[in-house]
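Okay, structure first, notes after.
These values consider heavy atoms only, across backbone and side chains, with no hydrogens, waters or symmetry-generated copies.
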Amino acid sequence: MYTPIAIIGAGPAGMIAAVQAGRHGGKAALLDVNPSLGRKLLITGSGRANLTNQRVNPGRYSCADPAWIETLLARFGHDDLIRFFESIGILTYATDDGWTYPISDSAHSVVAAFQSALDAAGVDFIPDCHITAIRKTKKGFELNREGAESIQCAKVLVSAGGMAYPALGSKGELFPSIEQMGHTVLPLVPALGPVTADMHLYQRVQGQRLDAHVELFAGEKLLAQTTGNLIFTQWGFNGPAVMDLSHWVARRADAKNLRMVMNFLPHNEEQVRGLAKAHRKDPIPLAVIPGSSIPPTLTAFFMEQSHLPAEATLASTSDAQLEKLFNWITRFPVQITGVRDFEYCQISAGGVPVTEVDPETLQSRLVPGLFMAGETLDVVGPCGGNNLQYAFSSGAVAGMSMAEALSEARK
């Protein structure tokens, strides 16, 4: 079988690449190991599809070259993506924090719109297509296919994902082929996942959810920090506040020597301290002060850790005791043990460094005709639609570039 453009992986990057390739005059085949389109997209945003973020910021992505992601997003950014969605019949809305969803609140409606757009662009979708290896040939590439004839193509895009959600087909099987063609492949590790920790002291607060500012330390060195929602669990912590830091933990061999420090008054610590100061001599319950901003169960827990009785009042509490309570709330220490496995993480980090790919085209700097997008490249953004924006951006640029390259070759 021959196709001018072969796109491996029908996830967000692969689907938009195929549509863009078709719209720009390139004949493309979209190949996927699954029996249907967009399996990973269907589970994003808890089934609502958190498609992008209004406040996409190149500076919040982690990759080998910060200027690379800036160039990519300038080529195809948030506004470009919104216009693309509208062109295939997807209308969106954004929450106050910029997280952007389809108005339908349904990932299924997004996949259905992509299916229609792929048909209109003349894309051949080939399901149940397990590509096991890629080989460079004189005329392009040969894709080895399990249980069927190989596929020949002039241009190939690898957008088959990393290793997150392996049950959906992402197992990183094509990285050996990419490495054999001369590329660096960094070890794949879980990212945007729950962080595990020693929780024996915190059993009574499991299930508590609140916003926090979280700092990650190796010894006294601050590695990274973020602010977001956080959940106490039986095995550690979940939620964007720790998920955004998880790839930093997973990349380090000394993960068990890392620690997090959490501030559970990330937005109004000064106000709460001011409240305590204003009522410093009043016989009001001490629990009222932290209780103004954090759940009652956590308030009781922090008072216990500070050796303060539940009936304590502001007036009966010494300055040292009050500061100890605030220290527990705003400098909460956590000993990390690691990150949960790929099956619990939204994406994987690692893969090909972005420095080996042209951000203007997504073509390999080492292998002409080879394009890479999505989790094939080592890019991690924060929760909230940023990683889907990157996937769509990289796929869109790759699709357009492959079609344009074929057009130039025909002249």
Side-chain angles (χ1 to χ4, degrees), residues 1-45 47 49 51-52 76 80-92 101-104 106-131 141 143 145 148 151-161 168-170 174 361-362 371-376 388-407:
M1 172 185 170
Y2 174 79
T3 180
I5 295 172
I7 297 170
I8 306 172
M15 288 192 297
I16 195 171
V19 174
Q20 293 289 65
R23 286 181 172 183
H24 286 78
K27 180 59 179 176
L30 179 59
L31 322 173
D32 199 272
V33 68
N34 290 299
S36 57
L37 285 171
R39 291 286 299 280
K40 288 183 74 172
L41 183 59
L42 290 174
I43 63 175
T44 62
L51 297 170
T52 179
F76 191 94
D80 299 297
L81 182 58
I82 295 300
R83 284 192 290 270
F84 172 83
F85 285 146
E86 290 175 352
S87 78
I88 67 171
I90 299 171
L91 299 178
T92 60
Y101 299 87
I103 289 178
S104 66
S106 169
H108 284 276
S109 68
V110 176
V111 172
F114 265 108
Q115 178 67 75
S116 177
L118 289 165
D119 292 340
V123 176
D124 295 324
F125 174 54
I126 304 177
D128 299 310
C129 181
H130 184 189
I131 302 299
F141 299 86
L143 314 182
R145 182 165 42 154
I151 297 172
Q152 312 293 324
C153 62
K155 310 291 181 185
V156 61
L157 169 63
V158 182
S159 57
L168 299 182
S170 296
L174 295 178
T361 62
L362 274 294
F371 293 75
M372 290 175 275
E375 289 178 65
T376 307
L388 269 181
Q389 172 70 57
Y390 155 68
F392 285 126
S393 292
S394 59
V397 171
M400 290 186 286
S401 300
M402 287 188 292
E404 289 165 1
L406 283 176
S407 177

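Note: N34 CG to C129 SG = 11.5 Å, rounded to the nearest 0.5 Å. A distance of 9.5 Å separates CG in L388 from NZ in K40, rounded to the nearest 0.5 Å. With values rounded to the nearest 0.5 angstrom, S87 atom OG is found 9.5 Å from L81 atom CG. To the nearest 0.5 Å, atom CD1 of residue I151 and atom CD1 of residue I126 are 5.0 Å apart. Here the CE atom belonging to M1 is positioned 10.5 Å from the CD atom belonging to Q152, to the nearest 0.5 angstrom. For the atom pair CZ of R23 and CE of M400, the computed distance is 11.0 Å after rounding to the nearest 0.5 Å.
Scanning both residues, S394 and A373, for their nearest heavy atoms gives OG-CB, 3.5 Å. Pairing each heavy atom of L362 with each of A398, the nearest pair is CB-CB, 3.8 Å. A pairwise comparison of heavy atoms in A391 and P12 identifies CB-CB, 4.2 Å as the closest pair. Residues I88 and A117 come closest through the heavy atom pair CG2-CB, 3.5 Å. Heavy-atom minimum distance, E86 versus L91: CG-CD2, 4.2 Å. Minimum interatomic distance between A6 and L143 (heavy atoms only, all atoms of both residues): CB-CD1, 3.6 Å.
Counting only distance, with no hydrogens or angles, the side chain of K27 and the backbone of G122 share a donor-acceptor pair below 3.5 Å. A donor-acceptor distance shorter than 3.5 angstrom exists from the side chain of S159 to the backbone of I8, with no hydrogens or angles considered.
Side-chain atoms of F125 and L118, non-hydrogen and from C-beta on, never get closer than 4.5 Å to each other. Side-chain contact between L51 and T92 is present, with at least one heavy-atom pair separated by less than 4.5 Å. A heavy-atom distance below 4.5 Å is found between the side chains of P35 and D128.
The aromatic rings of F76 and F84 sit perpendicular, their planes meeting at an angle over 60°, well past the 30° parallel limit.
Shown are I16, I90, D80; of these, the side chain to side chain contact (heavy atoms under 4.5 Å, CB included) with F85 is made only by I90. Tested against M15, the residues L41, V110, V123 include a single side chain to side chain contact (heavy atoms under 4.5 Å, CB included) partner, L41.
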